[in-house]
Amino acid sequence: MKTTGAAAMMLAMPDVFLAALSGLSDDEIEKRVQELLGKMTLDEKIAQMHGISSFNDWGWAFLVPSDLVVLSYDTAENKRLGIPAFKMVSGPRGIGRGTARGTCFPVEMARGASWEPALEEKVGEVMGYETRAVGCNVQLSPCMNVLYHPSWGRAQETYGEDPYHLGRMAVGYVVGTQQYVMTSVKHFAVNNIDNSRYFVNAVVDERTLREIFLPHFKMSIDAGAATVMSSYNHLNGPLAGQNHHLITDILKNEWGFKGLVMSDWVQAVRDTVAAANAGLDLEMPTGAHFGKPLKKAVQDGLVSEQTIDQAVTRILRCKFKFLPPDYTAGFDRKKVGGKEFARIARETEQKSLVLLKNDRLALPLRRGQVKTILVLGKLADTANTGDLASSLADPPYVITPLQGLKNLGGDSVKIIYDPGRNSSRVRALAKLADAVVIVAGLTWRDESEGVALPVFFPGDRLDLNLPPDQEELIKAASEASQRVIVILEGGSAITMESWKDQVEAIVMAWYPGMEGGNAIAEALFGEVNPSGKLPIVFPKSRDQLKKFDPEAKEVAYDRYYGYRWFDQKGLEPAFPFGFGLSYTTYQYRNLKLDQKTVGQNGKIIAQVEVTNTGKMSGEEIVQLYVGAKGSRVDRCVKELKAFAKIPLQPGETRTVALELKAADLAYYNLNTNAWEVEEIEYTVMVGPSSRPEDLKLSDNFKIAGA
Ligand code: BGC
């Protein structure tokens, strides 16, 4: 397998950052915060607690020429006391519009398909470096909401459906990004619909909240995430940003979060007193509620000065920790969107590609054998990097799949391109080619963040099929060719029952970023062996899923969705969670647990041998699921609890060790309001995907005693 040299590359880091970011000890920071707080007037304190944008929405960003300004969301600096401002830009696939044409990565959902937290750390490093190089200090990402239903318009912005997998990926990103700037983990919490996001009330019992919607946030807090962004929706009544239970009881008190909580952008704060008393520290992007109204609330005795001090303490703490005075010194703006980072964007897409089907070894395309390739579909020739709302990136260039194929095909392969509007023409052309590559899928017109400008933004996506003209195109091509390869772009599941059996190969390429076309071509020609696996279930049809109502005023969530739902109902999806093929094959053998009984505070190590039984080197994502036997409470059939990605040469065998703590198997007891590890038997299942047939290697162990 060939990958770019990026894997081994470290970003050159001026020493000043390391010293600045880790220079002050926690004690010193707390001392300085208290000293500064003692010098501040009430007005000065309140001025720290809100943004200073003059507009309430980032829709205006479209009006600003990208190369000219850095479009950030700022808070006020305090010149008298030398307190710097926050300067925030959105991610998660690039540093946004108006920020000097930064690197555009594949979307988070694509990166989730890499199952490689270490790679996500490198992505984070680039995002952090670029954010800082353009003079900003908070990166408004990662998004880490559970994908509860593939219709969510912002599916592309999160890593997948499983809390453990989401948490591992987000931790990688947080650790990488925070080498340079603060992250903001978002959207806290239970943000799963976009059209109704400003009014929907998510109803979730405490156990489901703790086990499904929060564990990944907790993992990112434990990894040191500096800030948390509230979500727009209501949660069990109050708005998430005005939710005392969520922000103060759980996040701050129970988890010991020391950073700050900011609001989401539009209508996420509606009641000054409720938000301040719930523990919201910072209103963004304006001071509509935390400006003058907050001062009045303090004067009227509705918000205590102590509450203000606590919020300002958190804000100052973040500033002392992450903002050295010579903040951008040594950061090279020319590196933003440059070659060094483009290589990482390319590697990321190489590792995000999921090979869903490969009949009759249609892929890879062998030079010499395949002399003429017909490339079809308007997306083949379109820069398609994802949503144009807050996650918009504005890269220096985008390599389309067509361009990528031309770049790699060189003189030895003839590439014919047709947008594919006319079926008879498609059939005629397909007969002349040795292989047909169709690029199909979705764009920002099909799925997006649902914002205040509905003219531009479609929001949630109810129809999970491809647009009808694309299905027609695939059918026409497959009538005339025996080697039809479909490359799919999009941010979420696509249903394909009406055409999937008619084509030879399918590759899920997601929104592939600015280097996507090159990575796709490398995979098609076999210079890269696809190793990605689905971070969400691809259903056969919408009917297999729970109902999704994008206009719902209230939605009740339980723990059954995604693979948990398919397991519970015994349904067979089109492609299961964790699924992805490779150009090589792997065999799993000899699952061994190091203990058969473990105490409540103990852990077991599961070992399994994995062999590359094919002819090409590759990387395999090994997954470990656990099911509980005889539990007193309702439990999912199985849940992902560990995974590892391992490189294997042809013929090579490696023993993979996966660690499982007894505490990871706890459920949240609603009677005691505490986590409880049940002393029962558990089944460990290890294999290449969540599909039952792929998890034949299994063993049991017991938890007993301390
Ligand atoms: C989005 C956030 C984003 C913010 C600023 C909001 O509408 O929900 O995810 O960070 O805009 O761009």
Side-chain angles (χ1 to χ4, degrees), residues 50-64 66 70-75 86-99 102 107-109 127 131 134 136-145 152-159 170 173 177 181-200 217 220 225-234 239-241 260-270 280 282-286 288 386-394 444 447-454 456-457 459-460 491:
H50 61 83
I52 52 168
S53 297
S54 51
F55 50 85
N56 199 14
D57 198 352
W58 37 258
W60 302 111
F62 285 94
L63 305 176
V64 182
S66 325
V70 173
L71 191 85
S72 60
Y73 299 105
D74 299 351
T75 62
F86 286 129
K87 291 174 110 30
M88 311 183 177
V89 279
S90 264
R93 69 176 195 265
I95 56 171
R97 191 173 175 85
T99 42
V107 291
E108 262 192 44
M109 185 61 84
M127 292 287 294
T131 301
V134 299
C136 295
N137 50 40
V138 184
Q139 174 47 240
L140 298 169
S141 56
C143 171
M144 51 193 304
N145 295 106
W152 185 33
R154 296 184 83 170
Q156 65 189 269
E157 283 188 64
T158 190
Y159 293 110
Y173 184 89
T177 310
V181 298
M182 288 165 263
T183 53
S184 188
V185 298
K186 68 188 190 185
H187 309 84
F188 196 62
V190 203
N191 184 178
N192 307 96
I193 305 180
D194 243 57
N195 293 14
S196 62
R197 65 182 185 171
Y198 298 133
F199 57 84
V200 66
F217 281 100
S220 72
T227 88
V228 172
M229 187 192 295
S230 77
S231 57
Y232 286 127
N233 52 284
H234 298 246
L239 281 171
L260 69 90
V261 182
M262 70 175 81
S263 70
D264 202 339
W265 260 230
V266 190
Q267 300 182 47
V269 184
R270 296 197 204 146
L280 190 81
L282 178 63
E283 182 191 13
M284 289 301 293
T286 72
D387 188 9
L388 304 189
S390 74
S391 69
L392 170 82
D394 195 9
W444 62 273
E447 54 181 343
S448 81
E449 180 177 354
V451 296
L453 297 169
F456 293 131
F457 301 104
D460 300 314

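Indexing begins at 1, ligand by ligand and atom by atom, following the structure's order.
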K.L.:
Could you pull out all residues at least two apart from F86 that satisfy ring pair (Phe, Tyr, Trp, His ring centres under 6.0 Å)?
P.N.:
none

K.L.:
Can you list the ligand 1 atoms lying under 4.0 Å from a non-hydrogen atom of E449?
P.N.:
1 (C), 6 (C), 7 (O), 8 (O)

K.L.:
Which value, rounded to the nearest 0.5 Å, describes the distance between M182 atom CE and L260 atom CG?
P.N.:
8.0 Å

K.L.:
Consider ligand 1: state whether an atom of it lies below 4.0 angstrom from any non-hydrogen atom of H187.
P.N.:
yes

K.L.:
Side chain, backbone, both or neither: which applies to K186 and ligand 1 if a contact is any heavy-atom pair less than 4.0 Å apart?
P.N.:
side chain

K.L.:
Which atoms of ligand 1 are found less than 4.0 Å from any heavy atom of R154?
P.N.:
1 (C), 2 (C), 8 (O), 9 (O)

K.L.:
What's the separation between atom CG in D460 and atom CD in E449, rounded to the nearest 0.5 Å?
P.N.:
11.0 Å

K.L.:
Ignoring hydrogens, just give me the one of N191, D264, V89 whose non-hydrogen atom is nearest atom 1 (C) of ligand 1.
P.N.:
D264

K.L.:
By side chain to side chain donor-acceptor pair (under 3.5 Å), which residues pair with N137, not counting sequence neighbours?
P.N.:
none

K.L.:
Regarding ligand 1, does W265 bring an N or O atom to under 3.5 Å of one of the ligand's N or O atoms?
P.N.:
no

K.L.:
Would you check whether M88 reaches within less than 4.0 Å of ligand 1, judged by its heavy atoms?
P.N.:
no

K.L.:
Side chain or backbone of M262 under 4.0 Å from ligand 1, or both, or neither, by non-hydrogen atoms?
P.N.:
neither

K.L.:
What are the two closest heavy atoms between M229 and S263, and how far apart are they?
P.N.:
CG-O, 3.7 Å

K.L.:
For T177 and Q139, test the side chains for any donor-to-acceptor distance below 3.5 angstrom and give the result as yes or no.
P.N.:
no

K.L.:
Identify the residue among S390, P92, S184 that makes a side chain to side chain contact (heavy atoms under 4.5 Å, CB included) with L140.
P.N.:
S184

K.L.:
Hey, which atoms in ligand 1 end up nearer than 4.0 Å to a heavy atom of L140?
P.N.:
10 (O)

K.L.:
Below 3.5 Å, N or O to N or O, backbone or side chain included: is there any such pair between E157 and ligand 1?
P.N.:
no

K.L.:
If you count the atoms of ligand 1 from 1 in the order shown, which ones are under 4.0 Å from a heavy atom of R197?
P.N.:
7 (O), 8 (O)

K.L.:
Report the C-alpha distance between D264 and S231 in whole Å, list the side-chain angles of each, state the deciding distance to 0.1 Å, and finish with yes or no for side chain to side chain contact (heavy atoms under 4.5 Å, CB included).
P.N.:
CA-CA 6 Å; D264 202 339; S231 57; 5.7 Å; no

K.L.:
At a 4.0 Å threshold, what atoms of ligand 1 neighbour a non-hydrogen atom of S90?
P.N.:
3 (C), 5 (C), 10 (O), 12 (O)

